[in-house]
**Student:** 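Before I ask anything, here is the structure I am working with.
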Amino acid sequence: MLSLAVAGWALWPGSGAGLALCGASATLAFLMRNWPPARIFLGDVGSSGLGFLLAALPFAGPMDRREDLALLIATSLALFLCDPLLTLAMRTSRGEPIGQAHRDHAYQRLFTPGESHRRVVLMLLAAGVILSILGAVAYGDRSRSWWVLGGAGAIVAGEWAAAHLTRRRHGGSQT
């Protein structure tokens with residue numbers, strides 16, 4: 001939702017803005033029904049469609065700003081883009097099968113067994129807001145791109161550090 005909203009801002013007043021803002025509105029409506037305790041779920045079909053929309057949005061922008069728009073979207077999605085890559089690298093380095101079910105993703109390790117998911121969801125939403133703002137900063141001023149990427153990297157590292165501490169505090173096993 002946040003990535004689509006900030007992409008809509010960046011594309012304004014072009015036709016791609018309408019597409020991005022419609023997607024943001026739809027995901028906001030979905031979030032209201034998916035807020036813990038969730039009553040509906042997005043699933044693979046919904047998440048694939050949203051992923052395709054986000055990947056295609058830079059092509060809706062002006063030719064000379066497409067790279068900036070791609071950076072904006074990638075920055076706003078940094079937690080969701082880096083977590084699978086880091087998890088895959090971690091599992092591969094330990095010799096674990098990558099196709100086997102697991103709970104090694106940082107967002108999964110952040111949950112405290114027996115507690116509500118609300119705390120983690122709010123924390124990830126706050127990180128998403130910060131990342132979306134960072135993406136908008138990079139879009140607004142290309143010279144800040146490296147600083148923005150460093151900030152996004154720090155947020156990803158912070159998520160992983162918090163996940164490590166949470167798992168350690170609860171004995172390493174979370175189901």
**Student:** Is the number of heavy atoms from other residues, nucleotides or ligands within 6.0 Å of CG (D44) greater than 12?
**Tutor:** no

**Student:** Heavy-atom count around R118 CZ within 6.0 Å, excluding the residue itself: above 12?
**Tutor:** yes

**Student:** Do the side chains of E67 and R142 get nearer than 4.5 Å, heavy atoms only?
**Tutor:** no

**Student:** How long is the straight-line distance from CZ of F30 back to CH2 of W35, given to the nearest 0.5 Å?
**Tutor:** 12.5 Å

**Student:** Kindly give the heavy-atom pair with the smallest separation between Y139 and A10, and that separation in Å.
**Tutor:** OH-O, 3.3 Å

**Student:** In terms of heavy-atom contacts, does CD of E96 have more than 12 from other residues, nucleotides or ligands at under 6.0 Å?
**Tutor:** yes

**Student:** Measuring only between side-chain heavy atoms, which start at C-beta, is L79 closer than 4.5 Å to Y107?
**Tutor:** no

**Student:** Which heavy atom of D104 sits nearest a heavy atom of R109, and at what distance?
**Tutor:** O-NE, 3.0 Å

**Student:** Is it true that, when you exclude W12 itself, more than 12 heavy atoms of the residues, nucleotides or ligands shown sit nearer than 6.0 Å to its CH2?
**Tutor:** no

**Student:** Using side-chain heavy atoms (C-beta onward) and a distance below 4.5 Å, is W9 in contact with L72?
**Tutor:** yes

**Student:** Report the distance from atom CZ of R103 to atom OG1 of T87, rounding to the nearest 0.5 Å.
**Tutor:** 12.0 Å

**Student:** Within the structure provided, determine whether V148 and L71 are in side-chain contact (heavy-atom separation under 4.5 Å).
**Tutor:** no

**Student:** With a 4.5 Å heavy-atom cut-off, do L11 and L69 have their side chains touching?
**Tutor:** yes

**Student:** How long is the gap from CG on L125 to CG on L2, to the nearest 0.5 Å?
**Tutor:** 6.5 Å

**Student:** Heavy-atom count check: over 12 atoms from other residues, nucleotides or ligands less than 6.0 Å from I40 CD1?
**Tutor:** yes

**Student:** Tell me whether L165 shares a hydrophobic cluster with M123, the cluster being built from Ile, Leu, Val, Met, Phe, Trp, Tyr side chains joined at under 4.5 Å.
**Tutor:** no

**Student:** State, to 0.1 Å, how close A127 and I155 come at their nearest heavy-atom pair, and which atoms those are.
**Tutor:** CB-CG2, 4.1 Å

**Student:** Ignoring hydrogens, what is the shortest heavy-atom contact between A152 and A78? Give both atom names and the distance.
**Tutor:** CB-CB, 4.2 Å

**Student:** Where do S3 and S76 come nearest, in terms of heavy atoms and distance?
**Tutor:** OG-OG, 2.7 Å

**Student:** V156 and L88: same hydrophobic cluster, using ILVMFWY side-chain contacts below 4.5 Å?
**Tutor:** no

**Student:** Assigning hydrophobic clusters by single linkage (Ile, Leu, Val, Met, Phe, Trp, Tyr; side-chain heavy-atom cutoff under 4.5 Å), is L149 placed with W147?
**Tutor:** no

**Student:** Does the R66 side chain pair with the main chain of F59, one donor and one acceptor, at a distance under 3.5 Å?
**Tutor:** yes

**Student:** State plainly whether one hydrophobic cluster holds both L21 and I133, where clusters connect Ile, Leu, Val, Met, Phe, Trp and Tyr through side-chain heavy atoms under 4.5 angstrom apart.
**Tutor:** no

**Student:** Are the side chains of T166 and V120 in touch, meaning some heavy atoms are under 4.5 Å apart?
**Tutor:** no

**Student:** List the atom of D83, the atom of A106, and the distance in Å for their closest heavy-atom pair.
**Tutor:** OD1-N, 2.9 Å

**Student:** Name the residue from L19, I73, L57, L28 that meets the side-chain contact (heavy atoms from CB on, under 4.5 Å) definition with L4.
**Tutor:** L57

**Student:** Would L124 and E159 count as a side-chain contact (heavy atoms from CB on, under 4.5 Å) here? Give the steps.
**Tutor:** CA-CA 9 Å; L124 293 174; E159 178 197 28; 3.7 Å; yes

**Student:** Please answer: with hydrophobic residues joined when any side-chain heavy atoms are less than 4.5 Å apart, are V121 and L31 in the same cluster?
**Tutor:** yes

